[in-house]
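Below, chain A is the first sequence line, B the second, and so on; all start at residue 1.
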2 protein chains.
Amino acid sequence: MNIGDVARLSGIPAKTIRYYEDIGLVRPLRSGNGYRAFRESDLHKLAFLGRARALGFTIEDCRALLALYEDEARESAQVKRIAEDHLARIDEKIAQLRSMRETLAHLVHACAGDARPDCPILADLGHEER
Amino acid sequence: MNIGDVARLSGIPAKTIRYYEDIGLVRPLRSGNGYRAFRESDLHKLAFLGRARALGFTIEDCRALLALYEDEARESAQVKRIAEDHLARIDEKIAQLRSMRETLAHLVHACAGDARPDCPILADLGHEER
DNA sequence: TCTTGACCTTCCAGTGACTGGAACCAACAT
DNA sequence: ATGTTGGTTCCAGTCACTGGAAGGTCAAGA
């Protein structure tokens with residue numbers, strides 16, 4: 001399979017697949033013409049990567065997960081720890097965004113949004129006592 | 001005021017303040033010795049930027065907000081639109097993170113996290129029908 | 001046979017918003 | 001005189017791609 005085929009099948013852009021090869025996440029063979037020659041196993045790996053990335057795992061997490069995936073002697077505890085850490089990071093981010101969202105929503109609600117210059121959003125950012 | 005003073009007062013790292021000057025967000029004067037000389041107004045701007053960044057506005061949003069802040073003839077509608085767009089982006093991100101969180105939480109919950117190799121997290125990523 | 005177009009290759013640069021570090025100059029206390 | 005702390009510039013790295021240039025390969029049609 002050429003890169004275009006795996007790109008279509010895995011949903012990962014060809015450019016990204018080349019990048020994944022660059023950083024050693026996949027190691028496709030090469031045909032005589034210099035084209036990358038992907039095996040089924042490469043496609044499978046890329047699909048794995050696509051799903052892991054969709055869950056927000058970092059590339060380094062993906063590398064670790066892929067290694068565990070291929071390690072018969074893994075302990076599920078290793079996998080779980082990676083996932084739990086990631087879950088914690090996600091929760092942190094959500095909390096942060098929610099706090100931003102709340103403040104921002106209040107400000108937006110308080111702003112008339114008309115042709116006059118008075119604006120509680122700017123007043124807050126400028127920290128003038130309203 | 002030297003950069004260290006404004007850094008302390010605004011809570012923004014000196015490195016970041018230099019970066020903000022680089023991209024034209026602040027324009028401090030210069031003393032004879034080559035040191036940046038910050039006025040009260042520069043400090044005020046930096047504090048504004050710090051709060052806007054804390055709300056997650058992009059640097060370009062900050063630039064626009066700062067310009068509006070200093071524009072007597074602004075219309076609050078201009079400010080509100082920027083804030084509303086940003087709010088929408090935040091909501092999108094939260095939704096995305098929540099969806100990740102949900103999937104991930106299920107997988108983590110299903111994983112024994114012991115010494116055995118069987119792992120529903122990897123099974124899901126590998127897309128084997130469990 | 002020639003050409004067109006789709007596909008592939010490598011390499012370089014840019015994204016956003018900083019951050020780290022090297023190498024050096026200035027100010028001040030001891 | 002020396003040491004510490006602060007300032008300066010400039011270059012490179014982060015993360016995970018993404019865009020684009022310049023060129024090689026292949027199959028189909030005129």
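One finds no salt bridge joining B/R98 and A/D91 here, because no Lys/Arg side-chain nitrogen approaches an Asp/Glu carboxylate oxygen to under 4.0 Å. Salt-bridge formation is not detected for the pair A/D42/A/K45: no Lys NZ or Arg NE/NH1/NH2 atom is positioned less than 4.0 Å from an Asp or Glu carboxylate oxygen. For the pair A/E60 and A/R63, the salt-bridge criterion is met [side-chain N within less than 4.0 Å of a carboxylate O]. In this structure, A/R30 pairs ionically with A/E21, as a charged nitrogen and a carboxylate oxygen lie closer than 4.0 Å.
Ranked by how close their nearest DNA chain C nucleotide is to the 5' end, B/R53 and B/N33 are led by B/R53. Along DNA chain D, the nucleotide nearest to B/E21 and the one nearest to B/R8 differ in position, and the one closer to the 5' end is contacted by B/R8. When each of B/F38 and A/P13 is assigned the nucleotide of DNA chain D with its nearest heavy atom, B/F38 is the one assigned upstream, toward the 5' end.
A/R18 comes within 4.0 angstrom of a base, heavy atoms only. Counting any heavy atom pair closer than 4.0 Å across all strands shown, B/I23 reaches no nucleic acid atom. When heavy atoms are screened at a 4.0 angstrom cut-off, B/F57 is found touching no nucleic acid atom at all.
Distance, A/D61 CG to D/dA16 P: 9 Å, rounded to whole Å. For the pair B/I59 CD1 and C/dG14 P, the computed distance is 19 Å after rounding to whole Å. The nearest whole Å value for the distance from the CG atom in A/N2 to the C1' atom in D/dA27 is 13 Å. What separates CG of A/D22 from P of D/dT18 is a distance of 14 Å, to the nearest Å. Rounded to a whole Å, the CD atom of A/E60 is 8 Å from the P atom of D/dA16. When the C1' atom of D/dC17 is taken as reference, atom CD1 of A/I3 falls 14 Å away, rounded to whole Å. Taking atom CD1 on B/I17 and atom P on C/dT19, their separation rounds to 12 Å, with Å as the unit. Rounded to whole Å, the distance from NZ on A/K15 to P on D/dG20 is 9 Å.
Distances shorter than 4.0 Å separate some side-chain N or O of B/T16 from OP1 or OP2 on C/dT19. Between A/R36 and C/dC7 there is no side-chain polar atom (N or O) within less than 4.0 angstrom of OP1 or OP2. Applying the 4.0 Å criterion to OP1 and OP2 of D/dT9, one finds that B/R30 has a side-chain N or O inside that range. Here A/Y20 reaches the OP1 or OP2 of D/dC17: one of its side-chain N or O atoms lies under 4.0 Å away.
For a distance-only test at 3.5 Å, the side chain of A/Y35 qualifies as a donor-acceptor partner of the base of D/dG24.
For B/Y19, whose side chain is taken as the heavy atoms from C-beta onward, the closest listed nucleotide among C/dT19, D/dG7, D/dG20 is C/dT19.
For A/S76 (side chain) and B/G113 (main-chain N/O), a donor-acceptor pair under 3.5 Å exists by modelled atom type.
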